[in-house]
Amino acid sequence: MRSEFDYPCIFLWKLMYRLKSEEASVIPYEEVAARLSTDIKTGLSWKEAEIRQKLYDFNEFIVRKQQSLWSKYFEQFKNPLILLLLASAVVSISVQQFDDAFSITAAIFIVVTVAFIQEYKSEKSLEELNKLVPPKCTCLREGNSETFLARNLVVGDIVLLSIGDRVPADIRLIEAVDLAIDESSFTGETEPCLKTTAPIVIKGNGVSHMKNLAFMGTLVRCGYGRGIVINTGISSEFGEVFKMMQEEDSPKTPLQRSMDSLGKQLSFYSFGIIGFIMFLGWIQGKPILKMFNIGVSLAVAAIPEGLPIVVTVTLALGVIRMAKKKVIVKKLPTVETLGCVNIICSDKTGTLTKNEMTVTTIITSELYHAELTGVGYNSKGQCNYIGQLDSNDEPMINNQLHDTTVQINAVKRVLEVGCICNNADVIGGHLRGQPTEGSLIVAAQKLDMYGVREKYHRVQEVAFNSDQKMMIVKCIAKFCTTGDEKFFVKGAIERVLNSCTRYSLNDNLVPMTADKKARFLREAQVMGHKGLRVLATAYGNKMEDLVFVGMVGILDPPRPGAAEVIRTLYGSGVQIKMLTGDSEETACAIASRLGLYAFGNTALSGEEIDRMNEETLQVKIPASTVFYRVSPSHKLKIVKALQKNGNIVGMTGDGVNDGVALKKADIGIAMGKNGTDVCKEAADMILVEDDFSTIMAAIEEGKGLYHNIQNFVRFQLSTSIAALTLIALSTLMRIPNPLNAMQILWINIIMDGPPAQSLGVEPVDNDVLKQPPRNVKHPMITKDLILNVLLSAGIIITGTLFIFMKEMSDNHVTPRDTTMTFTCFVFFDMFNALSCRSQIKSVFTIGLFSNKPFLFAVGGSIIGQIFRYQ
C-alpha cells in the first residue's frame with residue numbers, strides 16, 4: 001500500500017496546511033492533530049520536522065529589508081528648509097564668503113545627523129518583537145522530550161509547558177493541569193487566564209475567549225500543559241501585531257510639518273524680493289557685480305540658517321528638562337508635539353490603574369460592612385468598620401464596643417477562609433502567585449492575621465477553573481486530635497452559595513433561606529457595579545453542607561493622582577479616552593471613579609467597532625470615552641478615526657497589544673516600569689515611574705517650546721525683513737545702500753546668532769501653559785505674528801533710515817556714515833530681541849533678568865560690535 005510520501009503534492013499540501021486560531025479552538029484537539037499530520041504521543045520525527053522547517057520558515061519575526069544607512073542619511077536632505085540652506089551655502093561659496101558657507105554647512109550637518117539618529121532608533125521597535133520568542137523550548141520529537149531553540153519549532157510540534165515558561169508559538173492545548181497563563185501583555189486583562197482543552201462552544205470577541213489556546217509570548221503562571229503548534233512566527237496572533245506595525249508609519253509631527261511649510265514660504269518670498277531688488281538695480285544702471293554681491297548677502301540674511309539649529313537646541317534642552325522629571329523622550333520633535341495633543345487614548349490596566357489587585361470592601365454573612373484602606377501588595381492600611389447594612393443597603397452605624405468586636409471577628413472569618421484557600425505569598429511587597437489571591441493575603445496582614453495557613457495541613461486541592469468557578473482545599477487542623485477534615489472554598493458567589501446550606505450569624509450557624517441568598521447576591525451586584533471583583537468564601541465538613549461567611553470586593557486601584565490629572569487635562573482642553581480589554585461593567589466603573597464616564601458619555605465594545613465602517617466610527621467616537629473588550633486592531637482603528645477627525649492623538653500603554661497603536665499615534669507614551677520592550681521601542685516617550693501625572697508636565701513643556709520657537713521666528717523674520725526692506729527702499733529712492741554686503745552678513749551671523757538662540761531657553765509664562773492645545777491647522781506664521789514682525793521691522797527701518805539720511809546730509813557717504821547707520825541697526829535689533837522674549841507681555845512684566853543666557857548673548861553681541869570698530 002502506498003503512503004502519502006509517494007504523493008509529493010498531497011504530502012506538501014498537508015505539511016503546509018495551517019489552522020487559524022478561531023478554527024482550532026472550536027474543534028477537538030484530536031482533529032487538530034489529524035489535520036496537521038502529527039502524533040499526540042510521540043510528536044514529529046526529526047526528518048519530518050526538517051522538511052516542515054523549509055516550508056514554514058523559522059519561528060521568528062523577520063524585519064523587512066531596510067534601506068542602507070547612507071540612503072537613510074541622504075533622505076534627510078529632502079527637507080525644504082535644508083535644501084534652502086544648501087542653496088545659500090553654494091551661493092556663499094560662489095562669491096568667496098567661505099566663513100558664511102562653513103557656518104551654514106555646519107548647521108546643516110548638525111540638524112541632519114540628529115534627525116537621522118532619531119529615525120534610526122525608532123525603527124528598532126519591530127526587532128524587539130523577537131524577544132517574545134523565547135530562546136529555547138521543550139518539545140516532543142520521536143517520543144522523546146527535547147530542548148532546543150524555539151526558532152526551530154514547526155507547525156505540528158508537540159510543546160510542553162510548565163511554570164515560568166514563555167509560550168514559544170500559538171498552541172492548541174491537549175493537556176492542561178491547573179494551567180494559568182498571563183496574557184495581560186496581549187489582552188490587557190489583569191488575571192491569568194485558566195486554560196482548558198475542551199472545544200469552545202460559544203464564540204466571543206478577540207483572543208480572550210479562546211481558553212483552549214496558548215499564544216506566543218504569553219507567560220505560564222502556574223500548572224503545566226501540553227499542546228500542538230498551530231502557527232509560528234509571522235502567522236501567529238502576535239505576528240498579526242508585527243504585520244500591522246510594519247504597515248504603519250509614524251506620522252510627521254506638527255512641528256515638522258510647520259517647518260516644511262515655513263521653509264517653502266521663506267524661500268518663495270525671499271527670493272522673489274531679492275530678485276526684484278537686483279532687477280531694479282540693474283534697470284537703474286548699477287554695477288551687476290555689486291548688485292549680485294548685495295543679492296547674495298540678502299539671500300543669506302533672508303534664509304534663517306539658525307532656525308534648524310535653534311529648533312534642535314531648544315528641543316534638546318526640552319528633552320533634558322523632561323529627563324529630570326523622569327520622562328524619557330526618544331525623538332526631539334516629540335516634546336513640542338505634546339503641546340498640540342488634544343486627545344489622549346489611555347490603556348486602563350497599569351496606566352490609569354496600578355495593576356495591583358486590592359481588597360477594598362468586605363461584607364460578612366451578618367451583613368457587616370467594612371472598608372480597607374491602602375493599595376498594593378503591602379500591609380500599609382487599616383480596616384474601617386462601617387456597620388451593619390439595613391434593608392436598603394445602608395450601613396447602620398453602631399459604635400458600641402461589643403458590636404465592633406463582633407464585626408472584627410466576622411471580618412476575620414472571611415479573610416481566614418480566603419487565606420487558607422490560597423496559594424499566593426506576599427513577601428517584602430513582592431507577590432508570588434496570582435494577584436487576586438495576593439490581595440487576600442495583604443488584607444489579612446492589615447488585620448494582623450499572620451500565619452493563618454500554618455494552623456492547617458492541606459490534604460487536597462481542587463484548583464479554580466472556568467467551569468467550576470471555585471477553588472477548594474481540604475485540610476486537617478494541625479493541633480486537632482480527632483483528625484476531622486474541613487473544606488475551605490472561595491469563588492464566584494453564585495457557585496459558592498449553591499453549596500451552602502447555612503450561614504454564619506455572630507458565631508451561630510443559621511439555615512440558609514432563599515431570601516437570604518437573594519440578599520447576598522444583591523450585595524454582590526452592588527459591589528460589581530462599583531467595578532469590584534467579588535469573591536465569596538465558605539467552609540464546612542462536607543462540600544454539600546458548607547457555611548457561608550461572606551464576600552470580598554477586589555479592585556485594581558486607580559493610580560494616585562490620576563483622577564486629579566484627568567480633571568486638569570480636561571480643564572486645559574485635552575480629552576481622555578480609556579481603552580481596555582475588561583468587561584463593560586468593570587471598565588465603566590473604573591472610568592466613573594476617574595471622572596471619565598458620566599451622563600451623556602457612551603461606551604463602545606470591540607465587537608461594535610468591528611461592525612462599524614470608518615465613517616460611522618468617526619461619527620460615534622467623539623461622544624465615546626470608554627472602549628472595552630478591545631484588541632490591538634481595535635486600538636489602531638480608534639487612533640486612526642480620531643486622527644481623521646483632525647485630532648492630535650497621544651496613546652499610552654504598557655503591553656505588546658498597545659504597540660501598533662503607539663506607533664501610529666502622534667505621540668506614543670509607554671510605561672517604564674511595567675511596559676514591555678516592544679511597547680517601549682514603539683513609543684515616542686517613556687514614563688520612567690509609570691506616573692500618569694507626568695504627562696501633564698510634558699504637555700506644558702511642549703506648549704512652552706513652541707512658544708519659544710515662535711519667538712525666535714518673530715525675531716529672525718523682523719531682522720530679515722528690516723534688512724531686505726532697507727535695501728529695497730534705498731534702491732527705489734536711488735540713494736546709496738545704507739549697508740554693504742559684509743555688514744549684512746555680520747548682522748545675520750554674529751548679531752542674530754547668539755541672541756536668537758538664547759530665546760529658545762526663555763522660561764515659559766504660566767499664561768501660555770493655561771492655553772488650550774495648539775491648533776495644528778494654524779500656520780506658524782499667524783496674523784498676529786506678522787503684525788508684530790512688521791511693527792518691529794518698521795521701527796528698525798525708520799530709525800536706521802533716519803540716522804543714515806541725517807549722516808548723509810552732505811550728499812556724500814563716508815565710512816563714518818555707514819558705521820553710524822550699521823551700529824544704529826544693530827542696537828535697534830538688540831532692543832527688538834528684548835521685545836521678542838514675549839508676544840503678550842513687556843520685558844518688565846516677565847523680568848529683565850529671568851533669562852540670563854539671553855543677557856549674556858546680547859551683551860556679547862554688543863561687545864563684538866564695539867570691537868569691530870576699534
Look up atom CG in L662 and atom CE in M685, then write down how far apart they are to the nearest 0.5 Å.
11.5 Å
What distance separates I695 CD1 from S346 OG, expressed to the nearest 0.5 Å?
6.5 Å
Closest heavy-atom pair and its distance - A176, T197:
N-CG2, 3.7 Å
With the side chain counted from C-beta on, respond yes when D556 and I590 share a heavy-atom pair under 4.5 Å apart, and no when they do not.
no
Note: I343 and V574 closest approach over all heavy atoms is N-CG1, 4.3 Å
Between R172 and I27 (side chain of the first, backbone of the second, donor and acceptor by atom type, cut-off under 3.5 Å), is there such a pair?
yes
Tell me the closest heavy-atom pair linking V649 and C345, and the distance in Å.
CG1-SG, 4.0 Å
Donor-acceptor under 3.5 Å (D170 side chain, S21 main chain)
no
Does the distance from a Lys or Arg side-chain N to an Asp or Glu carboxylate O, for D610 and K637, drop under 4.0 Å?
yes
Of all heavy-atom pairs between Q643 and K664, which one has the smallest distance, and what is that distance?
NE2-O, 3.1 Å
L19 and its side chain to side chain contact (heavy atoms under 4.5 Å, CB included) partner, picked from V155, V32, I228:
V32
Got a second to check how far D666's CG is from I344's CD1, nearest 0.5 Å?
11.5 Å
Just by modelled atom types, is the K348 backbone N or O under 3.5 Å from a matching donor or acceptor in the T353 side chain?
yes
Closest contact, heavy atoms only, T361 versus L532:
OG1-CD1, 3.7 Å
On a heavy-atom basis, the closest approach of A641 and Q618 is O-CG, 3.9 Å
Counting distance only, does the side-chain N/O of N212 pair as donor-acceptor with the main-chain N or O of L173 below 3.5 Å?
no
Within-4.5 Å side-chain heavy-atom neighbours: M696 and S572
yes
Measure the spacing between CG of N342 and CG of N647 and express it to the nearest 0.5 Å.
4.5 Å
What distance separates M651 CE from K577 NZ, expressed to the nearest 0.5 Å?
13.0 Å
Taking the side chain as everything from C-beta on, heavy atoms only, tell me whether I566 gets closer than 4.5 Å to L352.
yes
Rounded to the nearest 0.5 Å, how far does CZ of F627 lie from CG of L604?
5.5 Å
Would you find more than 12 non-hydrogen atoms of other residues, nucleotides or ligands less than 6.0 Å from E614 atom CD?
no
With distance as the sole test, does T196 use its side chain to make a donor-acceptor pair with the main-chain N or O of K211 at under 3.5 Å?
no
Going by distance alone, is a donor N or O of one side chain under 3.5 Å from an acceptor N or O of the other, for S624 and T602?
yes
